Q: 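First the structure, which I've put down as structure tokens, then a few questions once you've had a look.
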Amino acid sequence: MAIPDVVKQPARNKERPSMSGAFFSHIKYKPDSQEQRIKEEAIAKWVARTAHPPRTVEDEEFINMMEKIDKRLTVPKKTKITNLVDQMYLAEKDSKAEHILLNLKQMVHPHTANSIVTLVEECTEEWGIPKEKIIMIITDNGSNMVSAFRVEEEDTSSDENDSNKDSDEEEEADERYGTLERTPCVVHTLQLVVNMVKKEQAIKRLLDKVRHLVRQFRKSSVATERLLEQCGLILIKDCETRWSSSFLMLSRLLEVKDHVTSVADTMGWDCLLPSEWQKVAILKDLLLPFAEHTKVLESDTCCFSLVVPAILDLRSHLSDFSLAHARSYRDVATLAQKMSANMDLRFSCFLDVSASNFSPLAAAACFVDASVSAETLIDNDNDDIQNLLSKAEEYITRSVPYQEEVTDDEDIRNAEVSEVPLQKRPRFRFFSAHRPSSKPKTSKASIRQEVQKFKESLSHANPEESGMDFWSSQSSTMYPLLKPLALDLLAMPASEAFAERVFSLTGDLSSGRRNRARITLERSAFLKLNKV
């Protein structure tokens, strides 16, 4: 009889969890524990910034998901989340952020100047911002915006009548919001200059032909697929409301020129002539500096000091461009001249000291920016620029509560400003080519001590260092009066692009049924945009 083999079961390596381990692994966090509180706040922040309704936390699938992430967490109820979101909103409103969205309010029709002023007043009152603390208000060039913040021009012929007004009427007028200084959005204004290319008939015909070609490609899935196979890119369509869109359309078309021509031949479409391709390239060169400066000036903060050098750079570019193409492409050269004249008119508020709407704010911001001050203003011998420099210094000395110190005026008068080393590749390359060579020059006797000290320090400034970084590294004891004002001027934006982006960034907050959530929309937008 065969004896069957005895099969032994192999010993299991895994040990059974102890009862104590299994017991403790499912113990929930205490309601007042730090772990529970941190996770509740994280859920509340997610709900607030994504605009999900608080009832989401009571959804069965959400609870199951959180249980898989952390079995010890007790998922809070919607009431707890709502309270946490409210606390978060109030806490961040009391924060010291330098650049935040204050309010997002719905404006009912009609969008009149009075309606705009009313909403702005509500915002400043809610945040406790006195009018004298507002340096400027940046708006687009819409008639309602211009009217809402219009600064009434002084009528010199009616001085006698004005002197008869009683003090009560004058105080009432000073309290109007129209007394605040309105600054046009630089980027919006630049686009108005760029849009002149669409009004020149010869250029307009070329652009229409380019748009027709782009439209053919974008409507044809076959042509688009063939273009993707060859170069991995598609053509870009310009948009009336999109900044630098014409430049982007032309730039992409030139980038894939050979592939576009090849695909158009296979599709039996008419393409651009060689002379038209060449003019497209020239037109792209005309618009390139505008696109570059637009990208810089649309930043949320710290770019107002670059407005003056950017405008001067663009003016020099247009001048060079018109001279270079005066014979070969007369229509494009004429367009550049018209754009230059239009820029002078639209930006007179920044550059023309004799203009009725001139404001020294941009020049003052440029002056205190150590990265551009010497090259743009101080070392420029042009009479118009020197007048602009004088207005900038006058504004600064008038704005700062100056305390006279005992100084030797003769020493200040004879102080020399050393030659400022130029960058190897100047940021404003067109304007720099026209700037006279730097020469040691003496300062004027009327310059205040701290302003003069700052001008002297520019010879040792790092050209790669931003103006904000420069002043942050300066001692407050050395510039007790000038430093606070410089930081304020350098923190200002040059455009209202941030306000424009609010509508796209908060699009999902008002989609679908959420567009009825008018009470929570402002809170959700505030928490989403002001991430710290």
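Source: prediction; values computed, not measured.
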Q: Taking the side chain as everything from C-beta on, heavy atoms only, tell me whether Arg215 gets closer than 4.5 Å to Leu235.
A: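 Side-chain contact under 4.5 Å: no.
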
Q: Judged by atom type as modelled, is there a donor-acceptor pair below 3.5 Å linking the side chain of Asp369 to the main-chain atoms of Ala365?
A: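 Looks like no, no N/O pair under 3.5 Å.
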
Q: Would you list the atom pairs, donor with acceptor, under 3.5 Å between side chains in residues 330-339 and any protein atom, with sequence neighbours excluded?
A:
unit_1: Asp331; atom_1: OD2; unit_2: Lys279; atom_2: NZ; d: 2.7
unit_1: Thr334; atom_1: OG1; unit_2: Arg330; atom_2: O; d: 2.8
unit_1: Lys338; atom_1: NZ; unit_2: Glu200; atom_2: OE1; d: 3.3

Q: For Arg55 and Asp59, run salt bridge (charged side-chain N to carboxylate O under 4.0 Å, His left out): C-alpha distance rounded to whole Å, both residues' side-chain angles, the deciding distance at 0.1 Å, then the answer.
A: CA-CA 7 Å; Arg55 64 176 180 272; Asp59 184 83; over 6 Å; no

Q: Look at atom NZ of Lys295 and say whether more than 12 heavy atoms of other residues, nucleotides or ligands are closer to it than 6.0 Å.
A: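 Check fails, neighbour count at 12 or below.
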
Q: How are the rings of Phe304 and Phe350 set relative to one another: parallel (under 30°), tilted (30 to 60°) or perpendicular (over 60°)?
A: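 Plane angle over 60°, so perpendicular.
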
Q: What is the minimum heavy-atom distance between Glu40 and Ile81, and which atoms define it?
A: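 Residues Glu40 and Ile81, closest heavy atoms: O-CD1, 4.1 Å.
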
Q: Pair Leu207, Leu250 - check side-chain contact (heavy atoms from CB on, under 4.5 Å), show working.
A: CA-CA 9 Å; Leu207 288 176; Leu250 299 178; 4.1 Å; yes

Q: Where is the tightest heavy-atom contact between Val75 and Val57, given as atom of each residue plus distance?
A: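 Taking Val75 first and Val57 second, the nearest heavy atoms are CG1-O, 3.5 Å.
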
Q: Please work out whether the ring planes of Phe290 and His317 are parallel, tilted or perpendicular, with thresholds of 30° and 60°.
A: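 Ring orientation, 0 to 90° scale: perpendicular.
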
Q: For the pair Ser147 (side chain) and Asn144 (backbone), establish whether a donor and an acceptor sit closer than 3.5 Å, ignoring hydrogens and angles.
A: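 No; zero donor-acceptor contacts below 3.5 Å.
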
Q: Could you go through the side-chain hydrogen bond (donor to acceptor under 3.5 Å, both in side chains) check for Arg182 and Thr139 one step at a time?
A: CA-CA 7 Å; Arg182 171 192 169 270; Thr139 75; 2.7 Å; yes

Q: Show the nearest heavy-atom pair for residues Ala44 and Leu84, with the distance to one decimal.
A: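 So the minimum-distance heavy-atom pair works out to CB-CB, 3.7 Å.
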
Q: Check side-chain contact (heavy atoms from CB on, under 4.5 Å) between Asp285 and all other residues, then give those that pass, not counting sequence neighbours.
A: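 By the side-chain contact (heavy atoms from CB on, under 4.5 Å) rule, Asp285 matches Phe321.
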
Q: Looking at OG1 of Thr376 and CZ of Phe367, how far apart are the two atoms once the value is rounded to the nearest 0.5 Å?
A: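 Reported to 0.5 Å precision, the distance equals 12.0 Å.
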
Q: Compare all side-chain heavy atoms of Trp471 with those of Leu489 and state whether any distance is below 4.5 angstrom.
A: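 No, side chains not in contact.
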
Q: Taking Lys77 first and then Glu58, would you say they form a salt bridge - that is, a charged N and a carboxylate O separated by under 4.0 Å?
A: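 Salt bridge absent between Lys77 and Glu58.
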
Q: Using the salt bridge (Lys or Arg N to Asp or Glu O under 4.0 Å) rule, collect all pairs that involve residues 248-266, keeping only residues at least two apart or in two chains.
A: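 For residues 248-266, and leaving out neighbouring residues, the salt bridge (Lys or Arg N to Asp or Glu O under 4.0 Å) pairs sorted by first residue read Arg252-Glu255.
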
Q: How long is the span from the CG atom in Leu288 to the NE2 atom in His293, to the nearest 0.5 Å?
A: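 Leu288 CG to His293 NE2: 9.5 Å, rounded to 0.5 Å.
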
Q: Taking all atoms of both residues into account, what is the closest heavy-atom pair of Lys284 and Ser251, and its distance?
A: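 Where Lys284 meets Ser251 most closely, the heavy atoms are CE-OG, 4.0 Å.
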
Q: Taking only residues two or more places apart in sequence, or in another chain, which ones meet Glu276 in a side-chain hydrogen bond (donor to acceptor under 3.5 Å, both in side chains)?
A: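 Residues passing side-chain hydrogen bond (donor to acceptor under 3.5 Å, both in side chains) with Glu276: Lys209.
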
Q: Between the main-chain N or O of Glu60 and the side-chain N or O of Asn64, is there a donor-acceptor pair closer than 3.5 Å?
A: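 Between the backbone of Glu60 and the side chain of Asn64 there is a qualifying donor-acceptor contact (under 3.5 Å).
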
Q: Only pairs at least two apart or in different chains count here, so list each ring pair (Phe, Tyr, Trp, His ring centres under 6.0 Å) that has a residue in residues 187-242.
A: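 Of all non-adjacent pairs touching residues 187-242, those that pass ring pair (Phe, Tyr, Trp, His ring centres under 6.0 Å) are His188-Trp243, Phe217-Trp269.
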
Q: With a 4.5 Å heavy-atom cut-off, do Met145 and Asn141 have their side chains touching?
A: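 No; the side chains remain at least 4.5 Å from each other.
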
Q: What is the minimum heavy-atom distance between Asn382 and Asp384, and which atoms define it?
A: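 Looking at all heavy atoms of both residues, the shortest contact is OD1-N, 2.8 Å.
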
Q: Please round to the nearest 0.5 Å and tell me the distance separating atom CD1 of Ile385 and atom CG of Leu312.
A: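 Nearest 0.5 Å value for the CD1-CG distance: 4.5 Å.
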
Q: Take Ser495 and Leu297 through the test side-chain contact (heavy atoms from CB on, under 4.5 Å) and record every step on the way to the result.
A: CA-CA 7 Å; Ser495 75; Leu297 295 175; 5.8 Å; no

Q: Can Cys271 and Trp277 be said to form a side-chain contact (heavy atoms from CB on, under 4.5 Å), step by step?
A: CA-CA 10 Å; Cys271 202; Trp277 279 111; 3.9 Å; yes

Q: Apply the test side-chain hydrogen bond (donor to acceptor under 3.5 Å, both in side chains) to residues Thr112 and Ser115: give CA-CA distance (whole Å), side-chain angles for both, the deciding distance (0.1 Å), then the verdict.
A: CA-CA 5 Å; Thr112 62; Ser115 300; 3.0 Å; yes

Q: Could you walk me through whether Arg226 and His259 pass the side-chain contact (heavy atoms from CB on, under 4.5 Å) check?
A: CA-CA 9 Å; Arg226 291 178 181 177; His259 305 291; over 6 Å; no

Q: Can you tell me how far the CZ atom of Arg218 sits from the CG atom of Leu213, to the nearest 0.5 Å?
A: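 Here the interatomic distance stands at 12.5 Å.
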
Q: Quick check: do Ser246 and Lys198 have side-chain heavy atoms less than 4.5 Å from each other?
A: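 Yes, side chains in contact.
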
Q: Do Asn357 and Ser348 come within less than 4.5 Å of each other through their side chains, counting heavy atoms only?
A: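 Yes; the side chains approach each other to less than 4.5 Å.
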
Q: Which value, rounded to the nearest 0.5 Å, describes the distance between Lys45 atom NZ and Met88 atom CE?
A: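 Going from NZ on Lys45 over to CE on Met88, the span is 6.0 Å.
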
Q: Ignoring hydrogens and angles, tell me if any N or O in the side chain of Asp469 forms a donor-acceptor pair with the backbone of Glu465 under 3.5 Å.
A: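 A pair under 3.5 Å: no.
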
Q: Please assess Asp208 against Arg205 for the test salt bridge (charged side-chain N to carboxylate O under 4.0 Å, His left out), listing each intermediate value before the final yes or no.
A: CA-CA 5 Å; Asp208 288 342; Arg205 285 194 296 268; over 6 Å; no

Q: Verify, without hydrogens or angle tests, whether Asp238 (side chain) and Ser245 (backbone) share a donor-acceptor contact under 3.5 angstrom.
A: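 Flag not set: sc Asp238 to bb Ser245 has no pair under 3.5 Å.
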
Q: Are Leu233 and Leu228 packed together at the side-chain level, in the sense that at least one heavy-atom pair is separated by less than 4.5 angstrom?
A: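 No, every pair of side-chain atoms sits at 4.5 Å or beyond.
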
Q: Please round to the nearest 0.5 Å and tell me the distance separating atom CG of Asn380 and atom CG of Leu389.
A: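 One finds 9.5 Å between CG of Asn380 and CG of Leu389.
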
Q: Counting distance only, does the side-chain N/O of Thr56 pair as donor-acceptor with the main-chain N or O of His52 below 3.5 Å?
A: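 Such a contact is absent between Thr56 side chain and His52 backbone.
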
Q: Would you say Ser373's side chain and Ala370's backbone share a donor-acceptor pair under 3.5 angstrom?
A: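 No, the answer is negative, given that no donor and acceptor are paired below the 3.5 Å cut-off.
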
Q: Any side-chain heavy atom of Met492 sitting closer than 4.5 Å to one from Ile135?
A: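 They are in contact (side-chain heavy atoms under 4.5 Å apart), so the answer is yes.
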
Q: Sequence neighbours left out, what passes side-chain hydrogen bond (donor to acceptor under 3.5 Å, both in side chains) with Ser143? Give chain and number order.
A: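 Checked Ser143 against side-chain hydrogen bond (donor to acceptor under 3.5 Å, both in side chains); zero matches.
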
Q: Between Glu225 and Ser220, is any side-chain donor less than 3.5 angstrom from a side-chain acceptor?
A: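 Note: Glu225 and Ser220 side chains miss the donor-acceptor criterion.
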
Q: Are side-chain heavy atoms of Phe470 and Asn462 found at a separation under 4.5 Å?
A: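 Counting from C-beta outward, Phe470 and Asn462 never come under 4.5 Å.
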
Q: Minimum heavy-atom separation for Ala363 to Leu377, with atom names?
A: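 In this case the closest contact between Ala363 and Leu377 is O-CD1, 3.7 Å.
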
Q: Would you say Ser319's side chain and Arg315's backbone share a donor-acceptor pair under 3.5 angstrom?
A: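 Here the side-chain-to-backbone pair does not exist.
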
